[in-house]
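These values consider heavy atoms only, across backbone and side chains, with no hydrogens, waters or symmetry-generated copies.
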Amino acid sequence: MLRRFLPLLALVASPAAAQSWEREALAMQNRERAAWRVPPMAWDLGLAASADRWAAELARTNRWGHSPRSWRPGQGENLWMGSRGAYPLAAMVGSWIDERRWFRPGIFPNVTTTRNWADVGHYTQIISSRSQRVGCAMRSNRSWTYFVCRYSPPGNVDGRPIP
């Protein structure tokens, strides 16, 4: 199944998304989507810029949490934070994908074996067929690295099937 999407990955990871970590973040998420037969997302420079503004704010203020919804209308958001320089990108995105172990297909928010949708919130955002575009950013301060991805349209919508 993945082979069918590989030519699309080349088109999606445009020259504007030239950094290798950006291509890797996109490819990892699109591989997981392909496993569910969900079309790949395209890299979006506007979403990446939006994600970068929030990642920069988190690094500057040394705090943690989702951005206000008013700062990201029509966008979903995944966050990751860890000790600066201690984790490769595969561990960052991989931590979201690892939520697969608690996921069960269904109508959001009833999509988890744990009865707490937050246990699969990152994963469901990645595999939601609603989301068509993604942009991510990474910023660090002395102690922490912050990784933020924005999705459009947002994937975790009550009453909608996932994947």
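Hydrophobic clustering (ILVMFWY, side-chain heavy atoms < 4.5 Å, transitive): Val157 and Trp36 are in distinct clusters. Criterion: ILVMFWY side-chain heavy atoms under 4.5 Å apart, direct or through other members. Under it, Trp43 and Trp54 are not part of a common hydrophobic cluster. Under a hydrophobic-cluster definition in which Ile, Leu, Val, Met, Phe, Trp and Tyr are linked whenever side-chain heavy atoms come within less than 4.5 Å, directly or via other members, Ile97 and Trp21 are assigned to the same cluster.
Using a 3.5 Å distance cut-off with no hydrogens or angles, the side chains of Arg84 and Ser143 do not pair a donor with an acceptor. Side-chain atoms of Thr124 and Asn156 form a donor-acceptor pair, as typed in the model, at a separation below 3.5 Å.
The two atoms that bring Val38 and Ser129 nearest to each other are CG1-CA, 3.7 Å, heavy atoms only. Listed here is the closest heavy atom pair of Arg33 and Ser128: NH1-O, 2.8 Å. The two residues Ala59 and Asn141 make their nearest non-hydrogen contact at O-ND2, 3.0 Å. Of all non-hydrogen atoms in Ser131 and Gly155, the two that sit nearest each other are OG-N, 3.4 Å.
Note: Phe108 and Trp117 meet the aromatic proximity criterion, with ring centroids under 6.0 Å apart.
The closest side-chain heavy-atom distance from Pro105 to Val111 is not below 4.5 Å. Counting heavy atoms from C-beta on, the side chains of Ile162 and Phe103 come closer than 4.5 Å.
Put simply, CG on Leu79 and CG on Leu58 are 6.5 Å apart, with the number rounded to the nearest 0.5 Å. The CE atom of Met92 sits 12.5 Å away from atom OH of Tyr146, with the distance rounded to the nearest 0.5 Å. Considering CG of Leu26 and CG of Asp44, their distance stands at 11.0 Å, rounded to 0.5 Å. Distance SG/Cys136 to CD/Gln19: 11.5 Å, rounded to 0.5 Å. Taking CE from Met138 and CD from Glu22, the interatomic distance works out to 9.0 Å, rounded to the nearest 0.5 Å. To the nearest 0.5 Å, atoms CZ (Arg53) and CD (Glu57) are separated by 11.5 Å.
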- Message: I'd like to know whether Glu77 forms a side-chain contact (heavy atoms from CB on, under 4.5 Å) with Ser67, so could you lay out the CA-CA distance, the side-chain angles of the two residues, the decisive distance to 0.1 Å, and finally the verdict.
- Response: CA-CA 8 Å; Glu77 181 177 74; Ser67 62; 2.9 Å; yes

- Carefully, step by step, assess Ser152 and Gln132 under the rule side-chain hydrogen bond (donor to acceptor under 3.5 Å, both in side chains). CA-CA 6 Å; Ser152 183; Gln132 299 169 2; over 6 Å; no

- Task: Applying side-chain contact (heavy atoms from CB on, under 4.5 Å), run through Arg139 and Arg60 and close with a yes or a no.
- Result: CA-CA 9 Å; Arg139 291 288 187 117; Arg60 184 185 68 76; over 6 Å; no

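When atom types are taken as modelled, the side chain of Arg133 and the backbone of Pro153 share no donor-acceptor pair closer than 3.5 angstrom. A donor-acceptor pair under 3.5 Å links the side-chain atoms of Gln29 to the main chain of Ala25, judged by distance alone. Looking only at distances, no side-chain donor or acceptor of Arg150 sits under 3.5 Å from a matching main-chain atom of Val134. Side-chain atoms of Thr145 do not come within 3.5 Å of backbone N or O of Ser140 as any donor-acceptor pair.
Checked against Asn78 for a side-chain hydrogen bond (donor to acceptor under 3.5 Å, both in side chains), the options Tyr123, Tyr151, Trp96 give a single hit: Tyr151. Partner of Pro154 under the side-chain contact (heavy atoms from CB on, under 4.5 Å) criterion, out of Arg69, Gln75, Arg130: Arg130 alone. Shown are Trp144, Phe147, Trp80; of these, the ring pair (Phe, Tyr, Trp, His ring centres under 6.0 Å) with Tyr87 is made only by Trp80.
Pairs passing the salt bridge (charged side-chain N to carboxylate O under 4.0 Å, His left out) check and including a residue from residues 91-118, sequence neighbours excluded, read Glu32-Arg100.
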